[in-house]
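Chain naming here is simple, since letters A, B, ... match the order of the sequence lines and numbering starts at 1 in each.
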Amino acid sequence: MNYWLVKTEPNECSIDDIANATQQTMRWDGVRNYQARNFLAAMALNDLVFIYHSSCTKVGIAGIAKVVRTHYPDPTQFDPESAYFDSKSKPDEPRWYAVDLQFVEKFSRVIPLQELKQNPALTNNKLVQKGSRLSVMPFSQQEWNAVYE
DNA sequence: GCCAACGTTGGC
DNA sequence: GCCAACGTTGGC
């Protein structure tokens, strides 16, 4: 079992959006960064994922989802209508992946970034490091537990 | 292979 | 809206 965190802008895919989706499951697509993509590809079935809300009024971790389908080619990369279209990606050689995430839990409050920064267990985590723009990152069990408590 | 220019992310 | 930090692109 691995643990992860993914960032989302809540107006695009918030924890509530996942909870209200058909079968409470959403395709997690649009990742266009190689490091983040590689982490997506490393996700295994039933891995747990913190849902982090960014670029909004309440920045922080909002809840938990789990991986119900492991990585497959992100269809938006082939769709010229999509904002995530990538003309350099070919169907027989996709560059980008998606996973499917299913709702697990919404926290009673969003755990603010400020609070996460003050948690000594997270000092070495990419999330709290200045200038880090990584949108998919691994969490160790210790880091996960430190947040979940 | 270097690196300047550019575009994007994301907190504030 | 600002701007620092970062990743990508493309000329050379």
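- Counting only heavy atoms from C-beta on, A:V59 has its side chain closest to B:dG11 among B:dG11, C:dT9, B:dT8.
- One interatomic measurement links the two molecules: CD of A:E9 to C1' of B:dT8, which rounds to 11 Å at whole-angstrom precision.
- One atom, NZ of A:K58, and another, C1' of B:dC12, lie 18 Å apart when rounded to the nearest Å.
- Note: CG (A:L134) to C1' (B:dG10) measures 13 Å, nearest angstrom.
- For the pair A:I61 CD1 and B:dG11 P, the computed distance is 12 Å after rounding to whole Å.
- There is no side-chain donor-acceptor pair under 3.5 Å between A:D16 and A:S14.
- Computed from coordinates, the A:L116 CG to B:dG11 C1' distance equals 14 Å when rounded to whole Å.
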CA sep, side-chain torsions, deciding dist, call: A:D100, A:Y72, side-chain contact (heavy atoms from CB on, under 4.5 Å): CA-CA 9 Å; A:D100 287 352; A:Y72 57 98; 2.5 Å; yes
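- For A:K7, no side-chain nitrogen or oxygen approaches OP1 or OP2 of B:dT9 to under 4.0 Å.
- Nearest nucleotide to the A:R133 side chain, out of B:dG11, B:dG7, C:dT9: B:dG7.
- Regarding A:R95, its CZ atom lies at a distance of 11 Å from the C1' atom of C:dT9, rounded to whole Å.
- Between A:D86 and A:R95 there is a salt bridge, since at least one side-chain N of the basic residue sits less than 4.0 Å from a carboxylate O of the acidic one.
- Using a 4.0 Å heavy-atom cutoff across all strands shown, A:Q129 reaches no nucleic acid atom at all.
- In this structure, CG of A:N11 is placed 13 Å from P of B:dT9, rounded to the nearest angstrom.
- OP1 or OP2 of C:dA5 sits under 4.0 Å from a side-chain N or O of A:K130.
- Distances shorter than 4.0 Å separate some side-chain N or O of A:K117 from OP1 or OP2 on B:dC12.
- Summarising the geometry, the separation between NZ on A:K126 and P on B:dT9 is reported as 18 Å, rounded to the nearest angstrom.
- Contact annotation for A:S54: backbone-only contact, meaning every heavy-atom pair under 4.0 Å involves sugar-phosphate atoms and none involves a base.
- With hydrogens and angles left out, the side-chain atoms of A:R32 and A:T76 include a donor and acceptor closer than 3.5 Å.
- Criterion: ILVMFWY side-chain heavy atoms under 4.5 Å apart, direct or through other members. Under it, A:V128 and A:V6 are part of a common hydrophobic cluster.
- Between A:Y34 and C:dC6, a side-chain N or O to OP1/OP2 separation shorter than 4.0 Å is absent.
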